[in-house]
Amino acid sequence: MMDLFELMRHVYFVPSLVVSLFFVAGLVILEEEKDRLKTILWGGLVSLCPYMIASELVYQGLMQALAFAFGDVPLLLDVILDYSSRLILLPVAIFLVYKKMAVHWSLSLFLLSAFGGIGYLGMVVGKTQLGACAVDAVAIMVWWKLLKNELSYVGASLAFRRYGFLGVFTSFSLLVNLAMYVCVRMIEVTPEFLNYLVFVSILFWLTLTIAVKLIFRAIRLEQEAELERNHDDLTGLPNALLFANYVQELLAHNGNRRFAFIVFDFDNFKSFNEKYGFEQGDASLRFLAKALETRFGVRFVTRVSADVFRVVADLAGLNAKVKEVHDEIRAFSKAGELEVKAGIYLQRTPNQDLEEIEKNFMRARLAEASIKGIYDRYVAVYADEMGARERLKMYLVSHVDEAIRNEYIQVYYQPVVNAKTNTLCGFEALARWIDPEHGFLAPIDFIPILEEAHLIHKLDLFMLEKVCENYRKESNQGHLCVPVSFNLSRLDFKLCDIFKEVEKLTQKYNVPHNMIHIEITESVLDGDDGQVLKQVKNFRKEGYEVWMDDFGSGFSSLNVLKDYEFDCIKIDMLFLRNFTQKSKVIIRSVVDMAKNLHLGTLTEGVETEEHLKFLEQIGCDRVQGYYFSKPLPYDEVKALLQEKGVISSF
């Protein structure tokens, strides 16, 4: 028993215990998953007090073995063994912190060495147990005051993974610990140098702390700028890309755990906006974002579209948290117009692959969609038997690569005709999916699904490549070619550098830029942060025509015309579908306005001779619709146009 008391006295049990408590408190603050019990348990195990006791036992065992074998142990070897025993358990401690608490090894190494240095500082400067406690407490308060903000930012990011040079400072802290340890041993041998050694220890420690403060501050400032670039302007939540990084990191650190993938979505949000205005709608989105952030953590919540949020959460307490969010939103919307629905997918097998993560969210979205409009249900868990439509969605998401590879997706061409001369002046390229299992699929069956799954850019680039390939084949055979327009999705501008991709394909097949027309809808421009505007300018600068598709179908078409430069506007087919005197007045006004703005005009949905004659009369430039041909494969549409006497104007 006396040996144990002697051991405690030798390793400064009480001050090292103080340091251990602060070490555990620091981990609780920095620890990502907020599993406090686990953090306290494992953090306490590897903290300074038990660590010093364990290393002292290793040291005493080695010394006894050497003394038994060789007699007296030289002082230099004694010092080497003593310090080595402090280091030998360090990899074990780092491994436990990394594996059990998901703290990156560089950060755990830094924290262990930093708090070890504080322990040595107390031993050197404090001289007694009470003095060491006081010195350690002051040093910890100074250290935490200087580094708390920096560690919070660095701990909540990939900084230790990205900034390799931090390893240098961690190594430096270990060297400082070595120097301070030598000071401890020198006090035992040469107590007359005590005051000098106290000064040296304080200088070493302050140098390390200030250096780390400056470096971490530089990292924090850079991170703050990066976070500003990668967060949603409205809610402050991480954007989709940053969220994906956080989720991948979480799954990588918890390889054997399963998580819940949740999609939250407002019911009747459009009606709510129309009744109360966009300002109140935005306030509702911010309120929901805060409610989700409070319960699931800011890193694991993102807004992916107007009123759709994604969350990754631990399974423990999940139902209670979802109910709290639902009840809080209901209380916020006093009149009861606003209802939040939640779809949950419970991960079946751990997987950190990005595509698999996206599929998990798609499943959660399908679960949420299954209770849309059902007012007595606010949550649904994904199940395989949710219906044929849902299974089709999952099938399409998982088979889009195969469909592209095997060309189950084909390009159909619908002619664009000059209204004055009745000559062919272009085609629109439209996708059709002819699946071996599900048969013919129209765009409405798969395009919204691919957009929701963030896979639409694969389809659009495949379509463009087939258009360019067909142009090269026809041109090489000496056939006259007309320009082809194709649609770009809003996500094409986010998921890839669409301008570079288009340039790459036109160069590959040597397609003149005036043979490619790019159609974008008003929805592409919703919430544009300037990226789409920049790309539109790039396209037009390089000789591509950019058309505004479905003009008049949205709420802000005129604003879009004011802010963006287009070559042509395509008047939405809905105006012709209900062909009344009022719709005629609207179409005529749009055509006149376009002429004054020096824009070309094309009207979709032409199905009768009456439509055609009216559009020709008001001066519409081009027309498109079933009157000439429905979308068909290239060879078939050419043959049909020849039968109808529609020839190329090129």
Side-chain angles (χ1 to χ4, degrees), residues 231-240 243 262-294 301-311 322 325-343 361 364-380 444 447-449 451-452 454 489-491 493-494 520-533 548-564 572 574-575 586:
H231 278 66
D232 178 36
D233 291 336
L234 179 64
T235 63
L237 295 172
N239 65 10
F243 173 76
I262 316 168
V263 170
F264 288 89
D265 186 14
F266 278 129
D267 236 4
N268 300 323
F269 189 63
K270 184 178 178 182
S271 301
F272 184 85
N273 270 338
E274 290 173 353
K275 184 173 182 179
Y276 295 102
F278 289 107
E279 187 175 333
Q280 188 62 29
D282 288 348
S284 303
L285 292 171
R286 285 191 290 268
F287 187 85
L288 177 56
K290 190 64 180 176
L292 295 173
E293 177 186 328
T294 301
V301 181
T302 189
R303 185 171 73 113
V304 292
S305 62
D307 61 333
V308 178
F309 292 77
R310 288 180 172 183
V311 173
V322 172
V325 171
H326 172 265
D327 293 346
E328 201 166 317
I329 293 299
R330 175 167 283 183
F332 175 80
S333 176
K334 296 177 183 177
E337 285 110 331
L338 211 52
E339 179 89 2
V340 69
K341 303 285 189 181
F361 279 118
R365 180 66 164 159
L366 295 176
E368 183 271 327
S370 71
I371 54 172
K372 277 283 189 182
I374 304 175
Y375 294 101
D376 59 346
R377 292 187 63 191
Y378 66 88
V379 63
I444 193 64
I447 286 180
I449 295 169
E451 284 184 331
E452 191 174 349
H454 288 199
S489 164
R490 175 177 60 88
L491 291 171
F493 293 88
K494 295 181 179 293
I520 58 176
T521 61
E522 182 183 319
S523 62
V524 172
L525 309 172
D526 286 346
D528 179 26
D529 57 1
Q531 180 65 21
V532 178
L533 177 60
M548 183 180 179
D549 194 15
D550 297 336
F551 181 82
S553 62
F555 294 105
S556 56
S557 297
L558 294 178
N559 275 332
V560 170
L561 282 185
K562 175 175 64 71
D563 297 331
Y564 292 81
D572 192 72
L574 292 176
F575 290 108
I586 294 172

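One-based numbering along the sequence shown. In what follows, every heavy atom counts, from backbone to side chain, and hydrogens, waters and symmetry copies are set aside.
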Taken to the nearest 0.5 Å, the spacing of Asp307 CG from Asp282 CG works out to 11.5 Å

Result for side chain to side chain contact (heavy atoms under 4.5 Å, CB included) between Tyr564 and one of Val524, Ile520, Leu533 points to Leu533

Say whether, by atom type as modelled, one donor and one acceptor occur between the side chain of Thr302 and the main chain of Pro238 under 3.5 angstrom.
yes

Ignoring hydrogens and geometry, is there a side-chain-to-backbone donor-acceptor pair from Arg286 to Ala289 under 3.5 Å?
no

Here the gap from Arg310 atom CZ to Leu237 atom CG, rounded to the nearest 0.5 Å, amounts to 13.5 Å

Does Phe266 reach the side chain of Ile329, with side-chain heavy atoms less than 4.5 Å apart?
yes

Euclidean distance, Lys372 NZ relative to Asp265 CG, rounded to 0.5 Å:
3.5 Å

Closest approach of Ala342 to Val322 (non-hydrogen atoms, all atoms of both residues):
CB-CG1, 3.9 Å

Taking every heavy atom of Ala380 against every heavy atom of Ser370, the minimum-distance pair comes out as CB-OG, 3.9 Å

Side chains of Ile262 and Phe309, heavy atoms from C-beta outward: is any pair under 4.5 Å?
no

Would you say the side-chain atoms of Ser489 pair up with the backbone N or O of Leu491, donor to acceptor, closer than 3.5 Å?
yes

Could you go step by step and tell me if Val325 and Leu288 meet the side-chain contact (heavy atoms from CB on, under 4.5 Å) rule?
CA-CA 8 Å; Val325 171; Leu288 177 56; 3.7 Å; yes

Closest approach of Val301 to Phe243 (non-hydrogen atoms, all atoms of both residues)
N-CE1, 3.6 Å

Between Asp267 and Tyr378, is there a side-chain heavy-atom distance shorter than 4.5 Å?
no

Spacing of CZ belonging to Arg303 relative to CG belonging to Leu285, to within rounding of 0.5 Å
5.5 Å

Validation row: Leu338, Phe269 side chains within 4.5 angstrom (heavy atoms):
yes

Indicate yes or no for a side-chain donor-acceptor contact from Lys341 to the backbone of Arg377 under 3.5 Å, with no hydrogens or angles considered.
yes

So CG of Asp572 and CG of Asp550: to nearest 0.5 Å the spacing works out to 4.5 Å

side-chain contact (heavy atoms from CB on, under 4.5 Å), that's the test. Do Glu452 and Val308 meet it? Break it down for me.
CA-CA 11 Å; Glu452 191 174 349; Val308 178; over 6 Å; no

Over all atoms of both residues, closest heavy-atom pair of Ser284 and Phe332
OG-CE2, 3.4 Å

Going from NE2 on His454 to NZ on Lys494, what distance comes out if it is rounded to the nearest 0.5 angstrom?
9.0 Å

